[in-house]
Every structure is written in structure tokens, then in C-alpha cells.
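This report concerns only the one structure given below.
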Amino acid sequence: MAYKYIPYSTQEISDSDVTAVVTALTSGWLTGGRFVSDFEDAFSRYITSNYSTALSSGTAALHACMRAISLSPGDEVIVPSLSFIATANAVVYEQGIPVFCDVATDTLLIDTTKIQQHITPRTKAIIAVDYAGQLCDYQTLHEITDHYGLTLIADCCHSLGASQNTIKAGKLAHLSAFSFHPVKQLTTGEGGMVTTNSKDFYTVINKFRNHAIDHPPSERQQLAEHSYTICDLGWNYRITDIQAALGLNQLKRLDQWVAKRRQLANIYTAHFSEHPKITPLYTHSEEAHSYHLYVVTVPDRDIVFAKMREHNIGVNVHYIPIHMHEYYQKTFKASSGMCPVAENAYNHILSIPLYPSLSEDDQQYVIDSLIRIVDDL
Ligand SMILES: *Cc1c(COP(=O)(O)O)cnc(C)c1O
């Protein structure tokens with residue numbers, strides 16, 4: 001009999017999550033209510049950031065960051081090529097040009113030694129992506145952005161719960177963006193957050209998610225005023241109270257989930273580290289990794305991928321390098337050969353199942369299957 005399907009990631013939903021969502025549904029405010037502000041306040045306390053703004057997705061959060069730094073058409077933003085497409089798309093939404101930087105071989109994080117060669121008079125910012133959940137080298141990144149007067153943005157869509165010298169992801173850059181898609185560490189169904197210590201950035205983002213209207217409806221109600229002003233083009237990127245209630249309740253279990261992810265990751269690493277053909281990514285420190293993904297490199301990845309899927313194991317590949325996608329090749333003169341490390345990595349990487357409720361038996365099945373498949377190549 002075939003083993004049951006094991007996804008690479010999935011959400012954790014408890015009875016108290018269900019209760020929280022039902023409470024929001026009957027609270028009188030389905031959007032723009034107190035669950036949204038409570039979620040933002042709790043998130044700020046967790047990160048210890050001055051400001052948090054909840055939005056409808058991680059992509060919206062990244063887009064809001066691009067608005068906050070006031071890109072002019074043609075301004076350049078350096079992004080690692082090995083990321084989800086949204087990292088680069090956010091730059092394009094604001095008429096910027098994403099400039100693709102290669103990644104480091106062992107961690108697949110942006111290669112800080114290759115950033116300077118991409119800096120031009122048009123460079124405005126760097127987006128660092130905490131690939132798989134491991135924090136980038138923010139110290140070196142800040143040295144570069146300070147030297148050239150750039151803004152540092154962290155795409156923390158993988159790294160919620162990670163920290164560097166007890167400073168959490170979300171506080172290591174000028175602006176940080178999170179995603180609450182169901183495969184991430186914490187979910188609201190769809191949702192995102194921007195954290196910052198800058199009041200100016202916060203003010204822009206807070207308006208941008210609501211059509212750039214200066215006063216939100218709750219404020220107008222309090223002031224008993226109907227009028228508002230709009231000075232910029234905004235979006236409807238609001239999150240609902242139904243989603244925020246779920247996020248707020250999930251946040252209570254975040255640290256325990258991250259601890260479980262690390263424990264499961266350590267078990268994988270212990271099994272694969274001696275294997276000649278299965279190579280886990282290099283981990284700098286456990287604290288600086290919250291393991292959104294567990295990524296290994298293997299030979300003949302496509303064969304291993306197909307055989308793992310035959311074993312009902314939901315492996316995945318994160319990611320096709322962004323500069324390899326047709327849209328970027330035809331619009332931004334991106335071409336293969338631009339980021340050789342990312343391109344080579346793409347041929348070998350495999351994300352294997354990792355989520356807090358992955359059982360011991362299921363993890364052992366994944367380990368045994370992968371070792372057997374690779375040994376039989
Ligand atoms: C998930 C993700 C996003 C986008 O988040 P959504 O909530 O799906 O819009 C952006 N960047 C990275 C690296 C991601 O993994």
C-alpha cells in the first residue's frame with residue numbers, strides 16, 4: 001500500500017484558531033477593526049520593532065516597502081536571483097529595475113562579495129532574502145548600504161522567528177516584509193506584514209495599503225468627518241479582521257513551532273551529513289535559522305524529484321532563478337549565465353517536507369526514501 005501523501009509544508013490549525021476566527025466573524029468589524037491593530041501590536045512586541053503594518057499578502061508587503069523608498073522610474077534595486085518571483089516583481093510594480101545578484105554556494109544567500117559590482121548611480125536599495133529561513137549577513141549588508149547611502153530591505157518571508165545576537169528578523173534592516181501564506185511559519189490564509197523603526201516609512205505604508213487615504217474610516221468616524229485627501233496612488237492591500245484574528249492567535253505558538261522546525265532539521269542533518277551524495281545547505285547558527293524550508297542538494301535532481309513524488313512525498317524546488325523567467329528575459333535583458341551559482345544550484349536543490357506536525361514516522365519515511373533513491377541512482 002502506498003504511503004500517505006506528505007506535503008513539503010502545511011499549516012497548523014488548532015481549535016483555538018477556529019474559535020478566534022469565529023469571534024472575529026461575530027465582532028461587528030470584518031475589516032479595519034481591532035483584530036488588525038491587535039495583531040500589529042502583538043507582532044511589534046514579538047519583533048520589538050516600533051511599527052508593524054499588516055497587509056493582504058507578503059507580495060503587498062514587499063510592494064509597500066518599494067513605495068516607502070520612493071523609487072523613480074529606472075531606479076535600480078539589487079535582489080538575489082534565487083528567490084520567489086514576488087521579490088523582483090515588487091520592484092517592477094514601482095517602475096524600478098531589479099538587478100540580479102548571485103548567491104553564495106553553501107547557503108544560497110545573496111553573495112555579499114558580489115553586490116558592489118552591481119551598484120550604479122541609480123541604485124536605491126538592496127533586498128536581502130533570508131532564503132530557507134536563514135538570516136543573511138546583515139552586518140556586511142549594512143556596511144555596504146551605509147557606505148553607498150542605500151536602503152536595506154529584508155524579505156523575511158522565510159525567516160519569521162530567526163534572530164541574530166537576539167535581534168529578531170524584522171529588526172535587522174530598515175524595512176522588513178513577512179508573508180503569512182499557509183506554507184510559511186505562521187498563517188492568516190493570505191497575509192503579510194511590514195516592520196520598521198522608521199515613522200516616515202510606517203506612515204507611507206499605512207496609507208498605501210488603503211488607497212493612500214490620509215484618515216482611515218475608524219478615525220473619520222471618531223472625528224465625525226466625511227472628508228479625506230488623496231495625494232498619491234494607493235492600493236487596496238488591506239487584511240481582514242478574520243485573517244488578523246487567526247494570525248494573532250497563531251503568534252502565541254510561533255516560538256514553539258520554530259523550536260520544533262529546528263529539532264526536525266537537526267534530525268535531517270544528522271542523517272544526511274555523512275552521506276556522500278546528499279548535501280544539506282550550510283547553517284551558520286541555529287538561532288539565525290527558523291527553517292521555513294529544509295533544502296538539500298542531490299545529483300540528478302529531476303530523477304530524485306520524480307521518484308520522491310512516486311513515493312508520495314511532496315518535494316519541491318525553491319526556486320527557478322528569477323532572471324531565468326521569460327518575463328525578465330524579455331523585459332529586463334536578463335539572460336542565462338548572469339548568476340552561475342544560482343543557475344547551478346537550481347539543477348540540484350530539493351526541498352523536503354518540514355512543518356511542526358511532521359511525525360517521527362513520516363520524517364523517517366522521508367529520510368529512508370531519499371537515501372534509498374539517491375543510493376540507487
Ligand atoms: C512567500 C514569499 C513571498 C510572497 O508572499 P505572499 O504572501 O505569497 O504574497 C515573497 N518572497 C518570498 C521569498 C516568499 O517566500
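Atoms within each ligand, like the ligands themselves, are counted from 1 in listed order.
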Query raised in the report: Taking the six-membered ring of Phe39 as reference, does the NZ or CZ atom of Arg34 fall below 6.0 Å from its centre and within a 45° cone about the axis?
Result: no
Query raised in the report: Is the NZ or CZ atom of Lys184 both under 6.0 Å from the centre of the six-membered ring of Phe178 and within 45° of that ring's axis?
Result: no
Query raised in the report: Between Trp235 and His211, does the ring centre distance come in under 6.0 Å?
Result: no
Requested in this report: Flag the pair Arg253 and Asp17 as a salt bridge only when some basic side-chain nitrogen lies within less than 4.0 angstrom of an acidic carboxylate oxygen.
Outcome: yes
Inventory of protein N or O atoms under 3.5 Å from ligand 1 N or O:
| unit_1 | atom_1 | unit_2 | atom_2 | d |
| --- | --- | --- | --- | --- |
| ligand 1 | 5 (O) | Ser179 | OG | 3.2 |
| ligand 1 | 7 (O) | Gly58 | N | 2.8 |
| ligand 1 | 7 (O) | Ser179 | OG | 2.7 |
| ligand 1 | 9 (O) | Gly58 | N | 3.3 |
| ligand 1 | 9 (O) | Thr59 | N | 2.8 |
| ligand 1 | 9 (O) | Thr59 | OG1 | 2.5 |
| ligand 1 | 11 (N) | Asp155 | OD2 | 2.9 |
| ligand 1 | 15 (O) | His158 | NE2 | 2.8 |
| ligand 1 | 15 (O) | Lys184 | NZ | 3.0 |
| ligand 1 | 15 (O) | Tyr319 | OH | 3.3 |

Requested in this report: Describe, in one word, how the ring planes of His289 and Tyr291 are oriented to each other, choosing from parallel (under 30°), tilted (30 to 60°) and perpendicular (over 60°).
Outcome: parallel
Query raised in the report: Sub-3.5 Å donor-acceptor pair from the side chain of Thr48 to the main-chain atoms of Arg45, do we have one?
Result: no
